[in-house]
Amino acid sequence: MVARAYVLFEVEPTNGDVALERLTHHSLGGCKVLARKIVPGEIIAHLEADGLENFNAALVELLGETGVQAATTLRITATA
């Protein structure tokens with residue numbers, strides 16, 4: 001099963017570029033991340049993972065990155 005989601009990350013505005021760099025270059029087993037800064041303090045990311053367990057684990061790891069304050073999952077789909 002493949003899980004895909006759009007996630008809005010709230011980041012410290014002064015560390016937004018650092019957070020974006022760390023989110024896009026984070027090594028996550030079984031998960032790909034494509035992220036872009038939309039306004040200061042907000043980053044939108046598309047996550048694709050091999051299953052919901054890998055998705056949840058990746059999201060927890062990304063929340064621990066420097067400058068990340070919160071994350072909101074906007075949409076999640078799972079396909080076989």
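Reckoned from all heavy atoms, side chains included, excluding hydrogens, waters and symmetry mates.
- For the pair A71 and V7, the tightest heavy-atom approach, listed with the atom from each and the gap, is CB-CG1, 3.9 Å.
- Here OG1 of T66 is found 8.0 Å from CG of N15. Values are rounded to the nearest 0.5 Å.
- To the nearest 0.5 Å, atom OH of residue Y6 and atom CZ of residue R75 are 6.5 Å apart.
- Each side-chain hydrogen bond (donor to acceptor under 3.5 Å, both in side chains) pair with one or both residues in residues 32-45, not counting sequence neighbours, appears once here: D17-K37.
- One finds the OG1 atom of T73 at 5.0 Å from the CG atom of L59 (value rounded to the nearest 0.5 Å).
- Transitive grouping of hydrophobic side chains (ILVMFWY, heavy atoms separated by less than 4.5 Å) brings V33 and L63 into a common cluster.
- Once rounded to the nearest 0.5 Å, the distance linking CD1 of I44 with CG of L23 reads 11.5 Å.
- Of all non-hydrogen atoms in A3 and F55, the two that sit nearest each other are CB-CB, 4.2 Å.
- Q69 CD: more than 12 foreign heavy atoms inside a 6.0 Å radius.
- Side-chain contact between I76 and R4: absent, with no pair of heavy atoms (C-beta onward) separated by less than 4.5 Å.
- To the nearest 0.5 Å, atom CD of residue E65 and atom CZ of residue F9 are 9.5 Å apart.
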**OP:** Dump the intermediate steps for side chain to side chain contact (heavy atoms under 4.5 Å, CB included) on L62 and L47, then the final yes or no.
**Re:** CA-CA 11 Å; L62 293 171; L47 275 64; 3.8 Å; yes

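- Interatomic distance, T77 OG1 to M1 CE, rounded to the nearest 0.5 Å: 11.0 Å.
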